[in-house]
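Beneath this line is the structure, given in structure tokens, with notes to follow.
Reminder, nothing fancy here: chain letters follow the sequence lines and each chain counts from 1.
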2 protein chains.
Amino acid sequence: MIRKTILSLFLLFILAEYLFAQGTGDIGVVIERNSGSVVIVNTTSHQVVRRVEKLGNLSHATGVFSRDALYFFTFQRDGWINKIELLTGKVVAQKKAGDNAIGGAISQDGKYIGISNYQPGDIKILDSDNLEILKVIPALYTTKAGEQKQSRTVGLVDAPNHRFFFALMDAGEIWAVDTRTPDFPILHQWKEVGNYPYDALMTADGRYYITGFLKSNWVVRLDLWQLEEGPAKVSTIDPNLHLPKVPMYKVPHLSGWGIADGKAFTPMISEERLMAYDLKSWSPLQSVPTYGTVVFAVPRPDQREIWLSFAGPKNDTLQIIDVATQSSVKMLKLGKSISHIQFTPRGEAAYVSVRAKDKVVVLDAYTHQQITELSVQGPSGIFFTNRAHVIGL
Amino acid sequence: MIRKTILSLFLLFILAEYLFAQGTGDIGVVIERNSGSVVIVNTTSHQVVRRVEKLGNLSHATGVFSRDALYFFTFQRDGWINKIELLTGKVVAQKKAGDNAIGGAISQDGKYIGISNYQPGDIKILDSDNLEILKVIPALYTTKAGEQKQSRTVGLVDAPNHRFFFALMDAGEIWAVDTRTPDFPILHQWKEVGNYPYDALMTADGRYYITGFLKSNWVVRLDLWQLEEGPAKVSTIDPNLHLPKVPMYKVPHLSGWGIADGKAFTPMISEERLMAYDLKSWSPLQSVPTYGTVVFAVPRPDQREIWLSFAGPKNDTLQIIDVATQSSVKMLKLGKSISHIQFTPRGEAAYVSVRAKDKVVVLDAYTHQQITELSVQGPSGIFFTNRAHVIGL
């Protein structure tokens with residue numbers, strides 16, 4: 001009887017293995033900002049597969065994927081990290097690693113999760129397996145009054161040769177940490193890089209770490225091939241174009257900066273333009289006037305177009321810029337509160353969150369026509385599993 | 001009783017779903033060239049997971065992944081295509097689509113498989129679901145004697161906006177096909193591009209299609225942003241360096257050309273050097289002397305190094321070139337018949353096939369030390385699932 005049961009179980013499992021075999025290459029996560037949930041989507045069928053609820057405060061939430069593309073780790077404003085299994089929607093681990101987290105990264109080898117906190121001002125390094133906190137790195141700095149404080153941290157990314165890079169918002173510094181050495185030592189601390197870095201990114205080739213500032217008229221580039229040269233500053237002022245200042249409705253996101261055609265297309269704070277920089281020489285090239293103040297500037301994977309979303313009253317419009325001519329080729333009115341734009345891995349379609357309409361619109365990347373729309377409650381961030389394989393994402 | 005059985009089955013399947021949930025982001029395929037089999041490997045544990053046998057003639061076999069990263073499609077010299085499910089090793093579809101196939105591609109939307117045949121000279125387009133042949137495109141050309149013939153085809157890749165590009169070896173032409181329009185029309189036929197194109201590649205950003213020639217002293221670049229300009233030729237002759245010719249032990253592989261730092265590092269036929277070209281201006285920059293005649297020139301994902309394998313008597317050596325200084329930084333003697341080199345997606349490790357030693361060596365990408373080795377019978381091509389998400393792969 002027992003032998004028979006074991007045999008039946010074994011055969012059922014073999015059968016189940018065939019029935020449930022499923023790839024994780026065409027899966028994505030969409031944050032439902034206000035309801036503390038995420039939906040898991042399939043980018044082949046363009047459908048919502050399941051909803052994962054009771055995750056906490058997901059306002060401004062972001063996340064990363066495990067290297068096997070089976071798990072998604074959330075970084076939340078309430079300091080919680082949820083490790084979600086994508087095929088079942090099960091939360092397999094949870095940890096509170098701060099009181100106010102702004103983002104995070106996964107190490108190049110997939111072993112560690114780094115989380116960047118506003119409160120307390122630190123980064124924490126966790127075991128990606130069980131979310132155990134392995135290391136706390138307080139972002140200590142000395143104020144002009146001589147006081148020892150902890151800075152908010154931003155722009156945490158992974159970099160080649162097992163590094164984490166991040167910026168200290170209140171201190172105006174950039175730090176690099178070694179994630180290969182057991183104690184996670186700080187390798188570099190560049191000081192006085194600018195006032196109030198608000199975000200930073202790693203280019204997809206893992207070569208340049210670029211930081212934007214709220215209160216300095218420059219952008220900083222670190223060339224990881226020549227770290228001894230330190231951060232290089234380049235002005236955000238365009239001598240040939242003087243646009244009126246508009247309110248800062250929202251801080252732009254560098255994670256969405258347009259790196260295309262060897263240039264960085266960078267949203268300007270409180271101005272309706274992008275500024276293009278040559279990535280290699282780090283010289284400013286020209287301004288690209290835009291319909292509104294840019295929040296996300298997302299290149300189509302073939303880099304021929306950059307798709308823009310805007311802050312404030314113009315956030316109902318998606319604008320498409322042709323990279324070759326740097327001119328506007330299309331304006332799409334999709335509805336209030338367009339936020340995130342994410343292209344499918346090979347770039348044939350784009351997913352766009354239209355928050356006030358409770359939908360994600362799926363657009364053909366070439367004809368710009370709507371393919372379908374997905375019903376999602378207050379969608380914001382969209383993340384596809386191909387990010388598991390790209391340094392800095 | 002029946003209700004109980006159904007309930008038990010249901011519960012078992014739920015359990016099985018949890019037990020078998022597995023990501024496909026860290027999986028790879030290694031071709032076992034002489035035994036007609038492949039092994040499926042896990043790049044997190046660095047282990048062989050299973051072997052899939054009786055696939056046919058896998059000499060020079062290559063392949064592509066489905067967009068969900070669940071399936072691998074083989075392109076074989078015997079003209080067979082096998083569709084292998086990676087989690088179970090089951091062959092779920094098979095088709096003979098020619099008598100001698102050299103390579104293939106998957107369309108941008110994942111719906112179609114293109115196969116490039118030497119015999120008969122054509123490409124065929126198949127349904128990626130069931131491998132049904134949907135279209136045959138004979139590579140027809142007229143010889144100088146006025147005879148109508150079919151050319152061998154090479155360098156078939158997918159390109160942005162739902163295109164396939166390929167070259168006609170005997171005709172010296174490059175063609176482009178539209179995979180979005182039902183009848184798969186030929187969009188472009190560029191003639192007299194050079195004598196005997198032997199392979200071609202699409203750069204990872206989907207912008208440049210580059211073709212190499214066996215009997216013309218130039219390399220051709222098509223800029224997909226300006227197709228009206230047609231193929232641009234650039235010489236392979238270096239006026240500053242005259243190296244002795246060596247035998248052509250093996251045709252280089254363009255799929256392994258080193259695209260790094262905005263340059264194409266291109267193996268020269270019968271010469272012990274790479275030639276570097278500026279990708280944008282398409283001007284020759286300089287020669288990089290190498291230890292032997294290069295078969296594969298594979299950039300580390302951060303593009304700081306290019307790893308080389310060689311043909312003929314020097315094929316026991318892996319050479320590492322620093323891209324910044326274009327100098328040799330390391331020579332590793334790993335054993336006879338080093339062929340393929342494949343980096344893990346974020347670039348922390350490299351897998352190297354050492355055919356005569358029946359092993360795949362796993363190296364640390366930064367220290368160049370051996371991490372482990374895998375027992376594989378006569379390994380050649382190595383493919384990881386992150387290729388599912390990259391145009392042209």
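- In this structure, the portions of A324(A) lying under 4.5 Å from any heavy atom of chain B include both its backbone and its side chain.
- If you measure heavy-atom distances from T203(A) to chain B, you find no contacts under 4.5 Å at all.
- Ranked by heavy-atom pairs under 4.5 Å with chain A, the list R207(B), Q226(B), R180(B), Q108(B) is led by Q108(B).
- In terms of heavy-atom pairs under 4.5 Å with chain A, the best-connected choice from N161(B), I391(B), D302(B) is N161(B).
- Heavy atoms closer than 4.5 Å to chain A are found nowhere in S66(B), neither backbone nor side chain.
- Ranked by heavy-atom pairs shorter than 4.5 Å toward chain B, the options A365(A), G262(A), P160(A), G347(A) are led by P160(A).
- Residues A232(A) and W282(A) share a closest heavy-atom pair of O-NE1, 3.2 Å.
- Using a 30° and 60° split on the angle between ring planes, H46(B) and Y351(B) fall in the tilted class, from 30° to 60°.
- Side chains of M202(A) and R163(A) form no contact here, defined as non-hydrogen atoms less than 4.5 Å apart.
- Taking the six-membered ring for Trp and the full ring otherwise, the centers of F343(A) and W307(A) sit less than 6.0 Å from each other.
- In summary, the aromatic rings of Y112(A) and F164(A) are positioned with their centroids too far apart to meet the 6.0 Å limit.
- Residue L279(A) does not touch chain B at all, counting heavy-atom pairs closer than 4.5 Å.
- Put simply, of D68(B), I27(B), L70(B), V323(B), the one with the most heavy-atom pairs under 4.5 Å next to chain A is D68(B).
- Using bins of under 30°, 30° to 60° and over 60° for the plane-to-plane angle, the ring pair F383(A)/F72(A) lands in the tilted bin.
- By number of non-hydrogen pairs under 4.5 angstrom with chain A, the leading residue of D261(B), D364(B), T367(B), D158(B) is D261(B).
- Both the backbone and the side chain of R304(B) come within contact range of chain A, with heavy atoms under 4.5 Å apart.
- For a residue to count as touching a neighbouring chain, one of its non-hydrogen atoms must lie under 4.5 Å from one of that chain's; by this rule P301(A) touches chain B with the backbone only.
- Minimum heavy-atom separation, R221(B) to K280(B): NH1-O, 2.7 Å.
- Between D129(A) and K83(A) there is a side-chain heavy-atom pair separated by less than 4.5 Å.
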